[in-house]
Novice: 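Shown below is the structure under consideration.
Quick note on labels: first sequence line is chain A, next is B, and so on, each numbered from 1.
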Amino acid sequence: MPELPEVETIVQDLRPQLAGRRIESVQLTRDPAIRGRLVRYPKAATFIRRLRGRTIRSVERRGKYLVMPLDKDGERLVVHLGMTGHLRVWEPEEAPVKHTHFRALLDSGLELRYDDPRQFGRLLLGTQEALIAGRAFPARLGPEPIHGDLTEAEFDRIVKSRRRPIKAALLDQSFLAGVGNIYADEACFRAGIRPSRWTHRLTGRERRALYSAIQEVLENSIAARGSSIINYVDAFGLRGTNQEKLLVYGRSGEPCIKCGTPLQGTRLAGRGTVYCRKCQR
DNA sequence: CTACGGACCTGACCGC
DNA sequence: TGCGGTCAGGTCCGTA
């Protein structure tokens, strides 16, 4: 569900609510199956024990991961929202929504809660090295596509380094961190490139167009507080507005915004894919 | 290295 | 109302 812009929005919202706050108590769902799925590292019981009493230093983002460095020893609380995860701060007396699996009472008197109907998300606690060693966090995560971290030369290099359909590359988090199904399709459309095009066959001009398009779609979406398609909401429970600006995603069969040709829906890299047969070559 | 399919879950939606 | 099938912003694993 959440890609880079949605996670970035949540990070920005949570930062003032969480930075400097101490975690007074921690509650995890009692269902052992859900616990095991949700808490990937360390074991659930250890996770609870080690998290209690810790102070959240800051709230950051790496790709689609929320990263919260804790006081001392380089440990961090890491959250991936999967498809349907929500992380937000509630008044303790508010009734928890269905599928609330994790709650942490803060010294501000408010409560940080995680809910996730599909249970694809996860919670991790440890140093960067421990999480990688425990295979809970990817050892190779690609560069951040925005905020000037990725140069055009570097993008060029990684696109040319492997041969695969460009959309498969964009979705691969070890290639580029944070792009998912929505923004991969949107970026390809803006760049005029078919998602099925082979990476090593893109021209220099096409690579440059794609580089700009990726940054454009991500930055525009952050400015609109993310795309709410099915159930994404920000850290205040509010929908973003970028879905209104999506040019191809979710518009299969509808007319192309540029040329009017019905948009083509297909399957690529195992994911629903939409593009314009005429505008994207 | 790559690609493909399936697995992991719930829930919304559609046609019958 | 109900039932089955399909689909969904994501990853991960096994198999070719």
Novice: Identify the two heavy atoms, one from A:T84 and one from A:Q119, that lie closest to each other, and give their separation to 0.1 Å.
Specialist: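 Smallest heavy-atom distance, with atoms named: OG1-N, 4.4 Å.
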Novice: What is the distance from CG of A:L171 to P of C:dT11, rounded to the nearest Å?
Specialist: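 Rounding to the nearest Å, CG of A:L171 and P of C:dT11 are 9 Å apart.
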Novice: Starting from C1' on C:dT11, measure out to CG on A:D172 and report it in whole angstrom.
Specialist: 11 Å
Novice: Starting from the 5' end of DNA chain C, give me the residue, A:P138 or A:N181, whose nearest nucleotide shows up first.
Specialist: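 Counting from the 5' end, the first nearest nucleotide belongs to A:N181.
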Novice: Without decimals, in angstroms, what is the distance between A:I182 CD1 and C:dA8 P?
Specialist: 11 Å
Novice: Using the C1' atom on both, measure C:dC3 against B:dC8 and round to a whole Å.
Specialist: 24 Å
Novice: When you get a sec, tell me which of C:dC12, B:dA3, B:dC1 is the closest nucleotide to the side chain of A:R164?
Specialist: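 Among the listed nucleotides, the one closest to the side chain of A:R164 is B:dA3.
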Novice: Under 4.0 Å, heavy atoms only, any strand: does A:R40 hit a base, just the sugar-phosphate, or nothing?
Specialist: nothing
Novice: In whole Å, what is the span from the NE2 atom of A:H99 to the P atom of B:dC8?
Specialist: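 Computing the A:H99:NE2 to B:dC8:P distance gives 18 Å.
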Novice: Ignoring backbone atoms, establish whether A:R122 has a side-chain N or O less than 4.0 Å from OP1 or OP2 of C:dC12.
Specialist: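 For C:dC12, OP1/OP2 do have a side-chain N/O of A:R122 under 4.0 Å.
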Novice: Determine, using ring centers only, whether A:Y275 and A:F189 are less than 6.0 Å apart.
Specialist: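 Centroid distance A:F189-A:Y275: not below 6.0 Å, so no.
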Novice: Is there a side-chain polar atom (N or O) of A:R118 under 4.0 Å from OP1 or OP2 of B:dG11?
Specialist: no
Novice: Return the value, rounded to whole Å, for the distance between atom CZ of A:F175 and atom P of C:dT11.
Specialist: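 A:F175 atom CZ is separated from C:dT11 atom P by 15 Å.
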Novice: Counting heavy atoms from C-beta on, name the nucleotide in C:dT11, B:dT2, C:dA8 closest to the side chain of A:R162.
Specialist: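 Of all the options, the side chain of A:R162 is nearest to B:dT2.
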Novice: So, does A:H80 get its side chain near the phosphate of C:dG10, meaning an N or O under 4.0 Å from OP1 or OP2?
Specialist: no
Novice: Closest nucleotide of DNA chain B for A:I230 versus for A:R163: which of these residues is on the 5' side?
Specialist: A:R163
Novice: Using a heavy-atom cut-off of under 4.0 Å over every strand shown, decide if A:Y183 touches base, sugar-phosphate, or nothing.
Specialist: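 No contact at all - A:Y183 keeps every heavy atom at 4.0 Å or more from the nucleic acid.
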Novice: Nearest-Å distance, CG (A:L141) to P (C:dC12)?
Specialist: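 These atoms are roughly 10 Å apart.
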Novice: Is the backbone of A:K72 close enough, under 3.5 Å, to the side chain of A:E75 for a donor and an acceptor to pair up by distance?
Specialist: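 Not a single qualifying donor-acceptor pair exists.
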Novice: To the nearest Å, how far apart are A:R251 CZ and C:dC7 P?
Specialist: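 Whole-Å distance recorded here is 20 Å.
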Novice: If you measure from the ring centre of A:F120 to the centre of the six-membered ring in the base of B:dC8, is it under 5.5 Å, with the planes under 30° apart?
Specialist: yes
Novice: Across the strands shown, which category fits A:P165 at heavy-atom distances under 4.0 angstrom: base, sugar-phosphate, nothing?
Specialist: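 Sugar-phosphate contact only.
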Novice: Report yes or no: do A:Y114 and A:D116 form a side-chain donor-acceptor pair below 3.5 Å?
Specialist: yes
Novice: When you check the phosphate oxygens OP1 and OP2 of B:dT10, does a side-chain N or O of A:K98 lie under 4.0 Å from one of them?
Specialist: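 For B:dT10, neither OP1 nor OP2 has a side-chain N or O of A:K98 closer than 4.0 Å.
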Novice: Would you tell me if any nitrogen or oxygen in the side chain of A:Q119 comes within less than 4.0 Å of OP1 or OP2 on B:dC8?
Specialist: no
Novice: Where do A:V233 and A:H86 come nearest, in terms of heavy atoms and distance?
Specialist: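 Taking every non-hydrogen atom into account, CG2-CD2, 3.7 Å.
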Novice: Take A:L202 and A:R197, measure what side-chain contact (heavy atoms from CB on, under 4.5 Å) needs, and give me the verdict at the end.
Specialist: CA-CA 7 Å; A:L202 295 181; A:R197 286 280 302 285; 3.6 Å; yes
Novice: Within the 4.0 Å heavy-atom criterion, would you say A:R135 contacts the bases, only the backbone, or no part of the nucleic acid?
Specialist: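 Here A:R135 touches no strand at all.
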Novice: Between P on B:dG11 and CG on A:D116, what's the gap in Å once rounded to a whole number?
Specialist: 11 Å
